[in-house]
Amino acid sequence: MGTSKSILASLTSEKAKWMYRKMLEIREFEETVHDIFAKGELPGFVHLYAGEEAVAVGVCSHLTDDDSITSTHRGHGHCIAKGCDLDGMMAEIYGKVTGLCRGKGGSMHIADIKKGMLGANGIVGGGFPLAVGAGLTAKVKKTDHVAVCFFGDGANNHGTFHEAINMAAIWNLPVLFVAENNGYGEASTYEYASSCTHIADRAAGYNIPGEIVDGKDLLAVYEAAERAVNRARKGEGPTLLECKTYRNYGHFEGDTQTYKDSEERMEEEEQNDCIKKFRNYMETQGLAKPEELDEIEDSVKKALEHAVKFGEESPNPDPSELTKDVYVSYE
Amino acid sequence: MGTSKSILASLTSEKAKWMYRKMLEIREFEETVHDIFAKGELPGFVHLYAGEEAVAVGVCSHLTDDDSITSTHRGHGHCIAKGCDLDGMMAEIYGKVTGLCRGKGGSMHIADIKKGMLGANGIVGGGFPLAVGAGLTAKVKKTDHVAVCFFGDGANNHGTFHEAINMAAIWNLPVLFVAENNGYGEASTYEYASSCTHIADRAAGYNIPGEIVDGKDLLAVYEAAERAVNRARKGEGPTLLECKTYRNYGHFEGDTQTYKDSEERMEEEEQNDCIKKFRNYMETQGLAKPEELDEIEDSVKKALEHAVKFGEESPNPDPSELTKDVYVSYE
Amino acid sequence: MTKIITFSKAINEAISTAMYKDDDVVLIGIDVAGGAEVDHLQDQEAWGGVMGVTQGIVDKFGRDRVIDTPIAEAGFIGASVTAAATGLRPIAELMFNDFIGSCLDEVMNQGAKLRYMFGGKAKVPLTIRTMHGAGYSAAAQHSQSLYSIFTHIPGLKVVIPSTPYDAKGLLLTSIFDDDPVIFFEDKTLYTMKGEVGDGFYTIPFGKADIKRKGKDLTIVAIGKMVHTALKAANQLAKKGFEAEVVDPRTLSPLDEETILDSVAKTGRLIIVDEAYPRCNAATDISAMVVDKGFDYLDAPIKMITAPHSPVPFSPSLEKLYLPTPEKILAAFAEIMGDNSIVTK
Amino acid sequence: MTKIITFSKAINEAISTAMYKDDDVVLIGIDVAGGAEVDHLQDQEAWGGVMGVTQGIVDKFGRDRVIDTPIAEAGFIGASVTAAATGLRPIAELMFNDFIGSCLDEVMNQGAKLRYMFGGKAKVPLTIRTMHGAGYSAAAQHSQSLYSIFTHIPGLKVVIPSTPYDAKGLLLTSIFDDDPVIFFEDKTLYTMKGEVGDGFYTIPFGKADIKRKGKDLTIVAIGKMVHTALKAANQLAKKGFEAEVVDPRTLSPLDEETILDSVAKTGRLIIVDEAYPRCNAATDISAMVVDKGFDYLDAPIKMITAPHSPVPFSPSLEKLYLPTPEKILAAFAEIMGDNSIVTK
Ligand SMILES: Cc1ncc(C[n+]2csc(CCOP(=O)(O)OP(=O)(O)O)c2C)c(N)n1
Ligand SMILES: Cc1ncc(C[n+]2csc(CCOP(=O)(O)OP(=O)(O)O)c2C)c(N)n1
Ligand SMILES: [Mg+2]
Ligand SMILES: [Mg+2]
């Protein structure tokens with residue numbers, strides 16, 4: 001992993017272990033969902049984040065609960081990295097009342113405002129203006145909170161990308177736009193749908209910094225995000241950070257992925273796995289002992305077992321929930 | 001006027017006189033509308049193009065009736081440059097049945113499909129996708145027609161700018177995007193609302209050529225548009241052409257223009273007038289004799305007198321027009 | 001204390017009153033101040049919106065709270081949704097309601113749904129002010145009355161005042177409501193004058209106002225149509241019929257009770273709605289009354305609306321496009337089977 | 001000749017039939033082919049839309065006429081409007097009708113208005129296919145039924161088939177119609193099988209289809225709700241009541257005559273519409289019948305719709321959200337004042 005000295009110095013063993021754990025939680029969460037969805041036990045559309053863990057975790061490691069993120073249809077990873085409860089997430093995906101949204105949102109709408117997680121989003125490009133709004137609040141209220149907008153390479157061609165980045169730029173808002181360029185929007189390649197060579201190239205049109213990192217390299221993301229978040233906190237405005245990554249599963253569960261190349265898959269999913277690479281790095285750098293990391297793995301597995309049981313066994317929402325929470329008060 | 005040799009050679013006296021006439025028609029049309037609007041004789045909202053004539057005329061001089069343009073709320077200039085009938089335009093602005101749209105469109109919706117004028121547009125940014133559609137037809141039908149999208153500096157921040165240019169770029173469509181950067185969107189300056197230094201800077205994010213010209217210099221526009229139109233006709237894809245210009249009147253008729261600087265106005269409206277400059281050029285280059293140009297002026301004045309009379313005296317639409325032409329057939 | 005001011009000034013007052021009261025209230029939109037960053041421009045000369053409705057606000061509260069935006073409706077309306085969800089109380093201006101085409105997603109799929117989708121854990125105290133209505137020859141893309149679309153969408157509250165007094169009170173209620181509200185301002189009402197209360201006052205949502213009492217006919221009229229209905233009522237009075245004019249003031253929530261009570265009394269209902277005729281507020285109210293007050297009805301419910309066509313530019317056609325007192329009288333004559341109502 | 005195929009296949013057939021017939025017909029949308037420019041991908045393996053509805057089309061007509069787009073609804077729907085106005089006859093796919101939020105302007109202010117605003121001098125032969133409907137736990141942003149919004153807007157024709165046969169015939173009519181048409185496909189109907197005619201056939205707009213004859217009650221049901229209504233009618237038949245089920249098939253234009261004739265016969269009307277309850281097609285039809293057929297009515301008109309809330313994700317709630325035969329029976333029991341209809 002090509003990482004600068006400064007990171008090596010600032011990265012504590014504790015932080016590294018936290019990041020390792022979060023990446024594993026995401027991976028394990030997604031593989032669990034993949035399995036139970038395949039068994040026909042989960043309702044709705046599900047889009048899995050496995051393979052892209054380093055992006056969400058590398059970025060969110062610099063955020064507190066006061067900072068906000070906006071997310072996408074592929075939102076589980078962002079939720080977990082931002083600190084959402086696994087039980088509450090799983091119960092949500094099961095449509096149970098113990099879910100983070102009382103079962104009314106589902107996979108595409110998991111949110112936890114208290115954690116600064118402003119919601120997964122079923123609308124591609126929906127998150128851009130929403131991130132700007134959180135940044136605007138920070139500016140008007142003169143806090144040092146930042147907002148992060150995660151978005152896909154497909155979303156990069158939606159009009160909201162343009163409107164939001166321009167607004168963040170002219171107002172110098174504390175917003176970080178994080179492109180998760182996994183090469184595909186559904187069954188369309190990034191190269192087909194996008195006229196830019198790199199998404200980060202578009203930053204120049206807004207006079208903001210654009211940077212490209214290897215999104216499979218946790219520390220590369222971590223380092224670049226640190227710079228961008230610091231700039232934002234200091235009132236130096238937005239950044240466009242492009243992370244080159246890969247999604248291990250299909251666009252949604254059920255997708256046969258004919259558009260992917262099998263060699264490419266092999267390489268990306270096996271050789272270039274962000275979690276394996278980071279574990280290896282931690283071991284060689286002495287940031288954690290193998291036993292410690294194994295222990296984290298065990299603990300994450302158990303947490304997921306717990307989450308599934310919790311989701312399965314939780315009750316459905318009461319029928320009265322059907323029309324509740326549309327308005328504050330309104331018969 | 002800083003103009004290359006090749007233009008000097010190719011620009012015939014006839015073409016030059018045609019362009020002079022068109023610019024004058026626009027100026028005279030707008031000043032006429034300004035006057036009659038001030039007298040309270042015209043209904044609705046009116047946005048005048050005076051001052052920007054060189055852009056519409058310089059670009060449209062390379063187009064035929066088979067080529068399409070999309071326009072804006074400030075559309076009179078585009079209409080005239082694209083060959084719309086002055087009488088029909090004026091009658092339209094008066095809301096008369098002899099208008100190009102039978103009085104049902106008005107100033108903001110003048111169109112003449114037969115002339116390839118796909119309509120002024122009340123929606124800022126509305127024209128971007130529409131130009132792409134005309135370009136798409138040309139591509140699918142394998143014609144060599146081109147489409148031109150005129151848009152303002154304010155529109156440059158609307159999401160449709162991004163979506164349309166990206167689409168035109170990936171499909172290599174024969175579309176020319178012409179920015180009319182007159183420094184203001186309503187009462188907001190270009191510098192405030194746009195994060196880019198020049199609109200043309202944004203071309204890089206779409207891997208298409210972006211060029212900046214002095215929009216007050218007819219020949220500069222003429223030359224740059226010629227290159228871009230030729231590229232488009234040859235299947236070499238879209239261009240973003242930014243013309244720096246100025247609007248002599250307010251955003252709409254009635255605007256007090258407090259946001260403009262009086263020195264700036266003086267300079268732009270008097271010293272730097274595109275029509276005066278081009279007349280001077282024609283005379284010094286021997287492209288036309290002063291008498292010929294005076295004659296054009298007279299003839300244009302007469303044409304406008306005729307148009308006003310035609311507009312004033314034409315009948316209103318019949319009441320049956322109210323619900324006509326919503327559908328082909330549908331009681 | 002009250003005073004006589006215009007509809008436009010009433011809205012301006014509501015905004016300043018709210019902004020004085022609560023620092024979290026911000027005003028955001030295209031040229032709501034105008035001339036941001038223009039050096040020579042004094043704030044008191046700023047535009048204050050394309051119709052001057054927010055003139056002087058930037059002067060009082062500064063550009064940190066009166067925020068000019070680029071022409072990017074999806075961008076700034078979407079931003080207003082989360083600005084609301086993260087601690088501000090924005091008043092966003094969608095200049096013309098016709099421009100909803102550029103930002104429906106932010107209103108319908110984000111703003112209106114957050115609270116519900118998130119299981120009640122988000123609030124979106126956002127007010128969107130927007131202009132609507134025909135009559136100014138503003139043509140097909142600047143003259144629509146699109147409140148029916150917003151009334152259709154759960155999660156939005158829809159407000160449409162007909163007088164300066166109502167405008168101020170309802171706008172203050174909107175701003176301090178914890179849900180997204182769309183506030184419709186008929187552009188042709190801005191110059192209308194009326195009595196308005198000083199200082200802070202609110203008017204509850206879901207409470208219709210009976211603008212005129214009557215026993216022979218109920219006219220439910222929306223926004224500016226209230227005045228058309230009142231004119232018709234005056235003409236009817238001369239012919240011996242007393243029409244009751246009910247102004248719902250908010251379409252969502254709708255005060256069903258007041259409408260039903262009135263119809264119970266009069267037995268006849270005409271609804272006046274300037275909107276397109278299909279799936280509009282008139283059909284909504286008619287269907288509600290038939291469902292819940294069928295037995296009260298002595299006659300068919302008539303709806304006076306625009307025809308099913310875009311708004312024509314030509315003043316000669318636009319005049320025919322809008323509901324008029326004459327059309328109301330003709331409908332009443334029809335349900336009474338008494339042609340003398342229109343001929344006499 | 002006919003055959004039994006799915007709703008999805010019927011749509012696929014209509015598209016190929018049209019594309020064989022007329023070279024100007026093109027298919028455009030996100031992944032309508034899928035995998036554009038992927039080297040190893042054979043076109044026959046291409047996606048054919050997120051639900052596979054257009055599978056195989058790119059194979060037959062090539063990528064010049066089956067055009068994958070970026071995720072840019074305003075861009076490609078807007079482009080389709082003028083592609084139509086300049087000589088093509090595009091079938092544009094708006095994947096989910098919920099995404100109209102990203103392109104309402106292109107549909108409402110451009111596509112729908114061009115012909116009128118330009119004094120009849122433009123035609124826009126554009127068909128927008130779009131998925132709607134709840135029942136798949138697709139949650140609040142992928143389950144809406146928004147046809148009421150389009151019915152509100154003049155200049156659009158609104159089509160909503162309930163069977164494979166109707167889907168094919170109506171889609172062919174749509175494609176060859178010279179006005180913009182929005183064609184609604186209920187995603188939960190795609191797997192439904194039914195008899196479909198071979199080759200080219202059309203079904204006229206504005207002609208309702210009586211899906212079941214009856215004399216005691218008229219049920220007007222929209223799209224998938226036709227099947228819900230038919231189930232209710234079967235249950236009612238067991239109790240001795242014959243319900244007539246009317247399927248309008250197009251909401252704009254609406255076949256008022258067939259509906260009125262049916263109500264004239266039965267005296268009772270229930271409308272089943274999965275959409276949000278306010279300003280929807282149910283209120284529209286109710287208000288039309290009250291206006292034009294008041295004297296036919298023996299009872300209040302009942303509307304069975306979704307509640308005024310976003311679509312909940314949880315299957316347990318979504319089940320309660322949708323209209324059901326039981327709700328129809330309960331409404332009938334209510335207007336008959338005969339509780340035994342639901343209890344027995
Ligand atoms: C406005 C809108 N258009 C289309 C879709 C359908 N859709 C869902 S995800 C997706 C692809 C998104 O691609 P990308 O942004 O690259 O994200 P990824 O799935 O690769 O994470 C599409 C087209 C949508 N949800 N919203
Ligand atoms: C979508 C939309 N938003 C806002 C407006 C109101 N509006 C009309 S013209 C205009 C300014 C346009 O500025 P620019 O694009 O620079 O064109 P110019 O007027 O300078 O020619 C605005 C904001 C509109 N018509 N459409
Ligand atoms: Mg992607
Ligand atoms: Mg401008």
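A note on names: the letters A, B, ... follow the listed sequences, proteins ahead of strands, and every chain is numbered from 1.
Interface residue D/Asp178: backbone and side-chain heavy atoms are both found under 4.5 Å from chain B. In this structure, chain B has no heavy atom under 4.5 Å from any part of D/Ser102. Residue contact with chain D, scored on non-hydrogen atoms closer than 4.5 Å, involves the side chain of B/Ser68 exclusively. Using a 4.5 Å cut-off between heavy atoms, D/Leu114 makes no contact with chain B at all. Contacts between D/Leu156 and chain B at a heavy-atom distance below 4.5 Å involve the backbone alone (N, CA, C, O). Contacts between B/Asp112 and chain D at a heavy-atom distance below 4.5 Å are absent for every atom of the residue.
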Next item on the list: Report the C-alpha distance between B/Lys141 and D/Leu88 in whole Å, list the side-chain angles of each, state the deciding distance to 0.1 Å, and finish with yes or no for side chain to side chain contact (heavy atoms under 4.5 Å, CB included).
Entry: CA-CA 8 Å; B/Lys141 294 199 163 236; D/Leu88 296 178; 3.8 Å; yes
Check: Should B/Leu136 and D/Phe76 be marked as a side chain to side chain contact (heavy atoms under 4.5 Å, CB included) after you check the CA-CA gap, both sets of side-chain angles, and the distance that decides it?
Finding: CA-CA 10 Å; B/Leu136 187 63; D/Phe76 75 80; over 6 Å; no
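Among all heavy-atom pairs drawn from D/Met117 and B/Cys101, the shortest one is O-CB, 3.1 Å. In terms of heavy atoms, D/Pro70 sits closest to B/Ile170 at CG-CD1, 3.7 Å.
With respect to chain B, the highest number of heavy-atom pairs below 4.5 Å among D/Ile67, D/Ile28, D/Val26, D/Val124 belongs to D/Ile67. Comparing D/Asp177, D/Asp23, D/Asp24 by heavy-atom pairs within less than 4.5 Å of chain B, the highest count is held by D/Asp24. The choice from B/Val326, B/Val132, B/Val328, B/Ile113 that makes the most heavy-atom pairs within less than 4.5 Å of chain D is B/Val328. Options D/Asp105, D/Val81, D/Ile71 differ in how many heavy-atom pairs under 4.5 Å they form with chain B, and the most are formed by D/Asp105.
Applying the 6.0 Å contact sphere to NZ of D/Lys207 captures no more than 12 heavy atoms from other residues, nucleotides or ligands. More than 12 heavy-atom neighbours from other residues, nucleotides or ligands sit within 6.0 angstrom of CD on B/Glu312. Within 6.0 Å of NE2 on D/His40 lie more than 12 heavy atoms contributed by other residues, nucleotides or ligands.
Within residues 114-129 of chain B, the residues having any heavy atom less than 4.5 Å from a heavy atom of chain D are, in residue-number order, B/Leu118, B/Gly119, B/Asn121, B/Ile123, B/Gly126, B/Pro129. Residues from residues 315-325 of chain B that place a non-hydrogen atom less than 4.5 Å from a non-hydrogen atom of chain D comprise B/Glu321, B/Leu322, B/Lys324, B/Asp325, given in numerical order.
Rounded to the nearest 0.5 angstrom, D/Phe205 CZ and B/Tyr327 OH are separated by 11.0 Å.
Figure legend: B/Lys104 and D/Phe118 shown without cation-pi pairing, the cationic atom not lying both under 6.0 angstrom from the six-membered ring centre and within 45 degrees of its axis.
When atom types are taken as modelled, the side chain of D/Lys121 and the backbone of B/Arg102 share no donor-acceptor pair closer than 3.5 angstrom. Side-chain N or O atoms of D/Thr82 include none that pairs as donor or acceptor with a backbone N or O of B/Ala131 at under 3.5 Å.
For D/Asp64 and B/Lys142, the salt-bridge test passes: some basic side-chain N is under 4.0 Å from an acidic carboxylate O.
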